[in-house]
Amino acid sequence: MNEASFEWNGQLASKDAGTTVHVALGIRTARDLRSLLMEAAYSLSGHDQLGYLLLLFKCGLTKRRLAQEFEQFQGVLKPELGRRIQVHALKSPADLAHVLPPATNAASLAALQAQVGQVLLGKPKSSSREAVVGMLLHRWIHKLSPVRLPELATLSGASLPTTYAAVKTLDPMCLARDDERGITLQDFPAPAWQHWLSACASAPSAKFIDRSGSPRSPQKLAQQLSKLGRQDLAIGGVLGAKHHFPALDMTAAPHLDIVVHGNLHTDLSFVAQLDPALVRDDATKGQAHVVVHFLNRPNSLFEMKDGFVWADVLECLVNMWDAGFIHQVEHLINHVAPVGLRQAIGD
């Protein structure tokens, strides 16, 4: 089952202040549905004016079973809470026109259909647990305040069940909790780094090679990238790492790592604007000249400085780990992490 959530500024009812739309693709069991419904009720707790719209695509449950499960679920909820939750099994975003309230204006309907369509086209968040841990790492590195699990789910783009599962994979000794049930990292040992980096690096990427025989350097390609003025394209890898830590023990980048705030279906035609000689070849056994990585979460955490867009330091770490630069990854971790490595992560 693949999932994604987003906030919609439309309304399910006249008293709603807004709506959380949750799209689930391919649920097969009543257990999956109950988990999603519990997440809906939990997210509305303490938010009296919010609505929740659960959209099921390629649902394996019959309409009758779906109706029975939802009726039973509403039977254990307070009526005012149950009224703010809607569940619909649809075949396509166009079907939204038949299930939303008649008062929904055409512009809001079209916007919601487009947004749901983008979610359905998007790459499944196969690494959503890693996204949750990555957000905890980001907050730890930047010394941000503890975060409660619902907020952590929103920041990472993962569902609440996935967020709970991700946190449970961490050693309890690595976590600190405050009086308001907020959590933060207080340690992240070498085995945890190795597991997280390896899992993130296993995500698909797009590789481009220069067949002209005279490839441009990664630095020149990065300069061309900056001229595009795209805020959804960031420099990662070695060049990005050296932006965050100029003393990194590496003389030159072997290729340009580009982090795209998008998914596998994102248009990559911009690569030809960097150099028309670049040709995509994901099966190449040689050295790629450009590697494109996909970052599918609500906030890119990109940084703009001196005319360039830079990927977050954690994305740079993942890119370098993927390229096999283990020593440099260890060097960078020891520079940015509040608690340095006590053993080599490459062992």
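One-based numbering along the sequence shown.
When only modelled atom types and interatomic distance are considered, H289 and Q287 share no side-chain donor-acceptor pair under 3.5 Å.
Ring centroids of F208 and H255 are separated by 6.0 Å or more, keeping the two rings apart. Note: W193 and F188 meet the aromatic proximity criterion, with ring centroids under 6.0 Å apart. Checked against the 6.0 Å centroid threshold, H138 and H142 count as a close aromatic pair.
The main-chain N or O of S92 is found under 3.5 Å from a side-chain atom of D95 such that the two form a donor-acceptor pair. Between the side chain of Q86 and the backbone N or O of L53 there is no donor-acceptor pair closer than 3.5 Å. W140 places no side-chain N or O within donor-acceptor distance of the main-chain N or O of T184, the cut-off being under 3.5 Å. Under a 3.5 Å cut-off, the side chain of D210 and the backbone N or O of S212 do form a donor-acceptor pair. Remark: the backbone N or O of F302 is not paired with any side-chain donor or acceptor of D312 at under 3.5 angstrom. When atom types are taken as modelled, the side chain of R129 and the backbone of T162 share no donor-acceptor pair closer than 3.5 angstrom.
Smallest separation of non-hydrogen atoms from V309 and R230: CG2-O, 3.8 Å. Between F73 and L37, the closest heavy-atom pair is CZ-O, 3.1 Å. A pairwise comparison of heavy atoms in H22 and S159 identifies CE1-CB, 4.2 Å as the closest pair. Nearest heavy atom pair, residue L175 against residue Q186, reads O-NE2, 3.3 Å. Scanning both residues, L152 and I183, for their nearest heavy atoms gives CD2-CD1, 4.3 Å. The minimum heavy-atom distance linking A190 with A344 is given by the pair CB-O, 4.2 Å.
A salt bridge does not link D32 with R34: every distance from a Lys NZ or Arg NE/NH1/NH2 to an Asp or Glu carboxylate oxygen is 4.0 Å or more. Under 4.0 Å is where a charged nitrogen must lie from a carboxylate oxygen, and between R216 and D275 at least one such pair does. For the pair R297 and E315, the salt-bridge criterion is met [side-chain N within less than 4.0 Å of a carboxylate O]. Between D178 and R148 there is no salt bridge, since none of the side-chain N atoms of the basic residue sits less than 4.0 Å from a carboxylate O of the acidic one.
For the side-chain contact (heavy atoms from CB on, under 4.5 Å) criterion with F294, the lone passing option out of V259, L268, I258 is L268.
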Which is it for K227 and Q224 under the side chain to side chain donor-acceptor pair (under 3.5 Å) test, yes or no, and what are the steps along the way? CA-CA 5 Å; K227 293 178 182 179; Q224 288 296 114; 3.3 Å; yes
Would L197 and Q194 count as a side chain to side chain contact (heavy atoms under 4.5 Å, CB included) if you check the C-alpha gap in whole Å, the side-chain angles of each, and the deciding distance to 0.1 Å? CA-CA 5 Å; L197 288 165; Q194 185 178 43; over 6 Å; no
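Within the 4.5 Å cutoff, the side chain of D257 has no heavy atoms near those of the V238 side chain.
For E80, the CD atom sits in a packed shell: over 12 heavy atoms of surrounding residues, nucleotides or ligands are nearer than 6.0 Å. Few gaps surround NZ on K242; more than 12 heavy atoms of other groups in view lie less than 6.0 Å from it.
In this pair, W310 and H243 present their aromatic rings parallel. The plane angle is below 30°, not in the 30 to 60° band.
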